[in-house]
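Some notes on the structure that comes next.
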Amino acid sequence: MRFQTAEPFRIKMIEHVKKTTFEQRAEWLKEAQYNVFRVKAENVYIDCLTDSGTSAMSKNQWAALMMGDESYASCDSFFRLEQSVHQTYGMPLVQPVHQGRAADYLLAKIYTQPGKIAIGNMHFDTFRGNAEVLGALVEDLVFDEGKDAASPASPFKGNMDIAKCEKLIAEKGIDQISVIILTVTCNNNGGQPVSMQNIKDVAALARNHNIPFVMDIARIAENAYFIKTREDGYYDVDIVDIVKEQLSYCETAVMSAKKDGLVNIGGLFLTRNQHIFAKANQLAIVHEGFITYGGLAGRDMDALAVGIKEACDFDYLQYRVGQVEYLGNQLKEKGIPIIEPPGGHGIYVDARRFFPHIPQHDFPAQRLVVALYQESGIRAVELGACAFGGKDPITGEATWPQLETMRIAISRRVYTNDHLDCIVNALDYIYQNRDSYKGLKLVFEGPIVSLRHFTAGFELL
Ligand code: F0G
């Protein structure tokens with residue numbers, strides 16, 4: 001186009017959002033023990049808690065939904081989903097599940113063993129939780145710069161550190177490693193992409209040591225966009241071909257379809273290995289539903305069959321990733337410290353630099369989440385001391401993560417740039433007054449430490 005373009009869609013249906021007062025929000029926060037997961041969504045003005053299951057569906061998805069069957073054995077909806085997966089992802093064997101963490105459960109059950117290590121760039125919490133429950137060990141071996149929220153911008157901060165992998169395998173012995181998992185994009189450190197070269201290198205390393213290689217592809221289309229725009233040799237390659245090439249290197253892939261599937265519920269366990277597929281089918285029958293619906297209604301599978309394809313549209317991805325970048329640039333202009341460069345699905349504010357006077361054991365990132373909701377009704381999520389901290393499984397001592405961030409996740413096709421400007425103004429205000437905020441005290445945590453942030457309770461200090 002000759003002139004600057006806008007969103008590659010127009011808005012057909014709207015949902016009202018409520019404006020609330022500072023005093024109301026103070027009360028709701030207190031009731032929620034300063035955990036915004038417990039604040040009612042209707043009391044949120046702009047919801048950036050997650051990009052998961054919050055996408056706006058297209059008219060083609062709504063139409064597909066009406067075409068969808070109820071659920072049960074071998075319904076037409078499944079075969080439409082299977083065909084879409086074949087065409088877009090190139091993975092032959094398709095087990096639907098109700099959402100990503102169910103696929104994580106199958107993955108943990110099939111590919112991990114008690115006491116053995118699952119290596120990842122950075123494992124997402126729900127795989128980690130499933131692995132922990134089964135007694136497996138986990139290691140995050142992303143490059144050091146990927147664990148440092150203040151490191152300078154570089155194009156592929158989600159990459160696995162191959163040298164660290166080799167070292168760990170040499171030290172522990174191959175028989176102590178159960179699986180290698182790459183999460184693309186890497187959610188826990190900023191929605192940062194993984195390069196095709198790194199995927200190839202990890203696959204080669206896994207093959208050389210005879211270790212299975214699995215990918216978590218919740219945001220594979222966004223990862224493809226970064227490869228196309230940042231990695232040599234991919235500028236002229238179609239997004240779908242980049243998506244397929246990424247997947248061509250792994251044996252199995254798990255997906256929360258609530259992200260790059262552009263649906264509100266759903267997940268996939270995909271594999272090339274018949275034996276693995278048979279195991280996944282058995283586990284799905286016990287825990288999810290029959291092989292051809294895995295806990296989803298036919299209509300959910302139909303919406304997903306369409307969403308998988310729409311998420312790979314270049315114009316959509318350019319708008320999507322561009323919108324996140326727009327937010328990042330506005331915040332940077334105000335001097336607000338963020339992980340750079342902006343990631344695919346959100347902006348991660350570095351709470352260490354934002355609130356340097358709040359020590360990590362007083363939960364600075366969670367304090368920022370609370371301040372943002374209280375000042376403006378905007379809801380974000382903590383990815384720091386509460387989400388990633390915990391207890392050493394052997395010594396029982398408290399552990400504190402390197403990353404201390406607040407994620408502002410951007411839902412797909414939902415908010416306008418005016419909404420994003422509100423976020424910038426609110427954070428600017430808090431940043432100007434940063435010295436007036438004190439930390440939080442953790443007063444409740446659940447028994448699975450790696451999942452404690454969902455139910456934790458706090459008091460203001
Ligand atoms: N893998 C990744 C990389 C994820 O980001 C998520 C969910 C899952 C697996 C689990 O999928 O929610 O469908 O069960 N991430 C959400 C988030 C919760 O807010 O980042 P699920």
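When a residue number appears, it is its place in the shown sequence, counting from 1. Ligands are counted one by one from 1 in listed order, and the atoms in each one are counted from 1 as well.
The protein atom (non-hydrogen) at minimum distance from atom 7 (C) of ligand 1 is Lys259 NZ, 2.5 Å. From the protein, the heavy atom lying nearest to atom 8 (C) of ligand 1 is Phe124 CD2, 3.4 Å.
Each of the following atoms of ligand 1 lies closer than 4.0 Å to a heavy atom of Ser256: 11 (O), 13 (O), 21 (P). When each atom of ligand 1 is checked for a heavy atom of Arg101 under 4.0 Å away, the hits are 10 (C), 11 (O), 12 (O), 14 (O), 18 (C), 21 (P). Under a 4.0 Å criterion applied to the non-hydrogen atoms of Thr126, ligand 1 contributes the atoms 8 (C), 9 (C), 10 (C). Near Thr183, meaning under 4.0 Å from any of its heavy atoms, are these atoms of ligand 1: 3 (C).
Considering backbone and side-chain N/O of Lys258, none are found under 3.5 Å from N/O of ligand 1. Geometrically, ligand 1 and Gly100 share a nitrogen or oxygen pair separated by less than 3.5 Å. Among the atoms of Asp104, none of the N or O lies under 3.5 angstrom from an N or O of ligand 1.
Ring pair Phe354/Tyr431 is tilted by interplanar angle, where 30° to 60° counts as tilted. Under the 30°/60° scheme for interplanar angles, the aromatic rings of Phe290 and Tyr72 are found to be tilted. Relative orientation of the Tyr415 and His419 rings is perpendicular, given thresholds of 30° and 60° on the angle between their planes.
Put simply, part of Arg219 is less than 4.0 Å from ligand 1, judged by heavy atoms. Ligand 1 lies within reach of Arg407, whose nearest heavy atom is under 4.0 Å from it.
Using a 4.0 Å cut-off between charged nitrogen and carboxylate oxygen, Asp51 and Arg219 count as a salt-bridge pair. A salt bridge links Arg412 with Glu222: at least one charged nitrogen is closer than 4.0 Å to a carboxylate oxygen. In summary, Glu310 and Arg413 engage in a salt bridge, as defined by a charged side-chain N under 4.0 Å from a carboxylate O.
Figure legend: Lys18 and Tyr45 shown without cation-pi pairing, the cationic atom not lying both under 6.0 angstrom from the six-membered ring centre and within 45 degrees of its axis.
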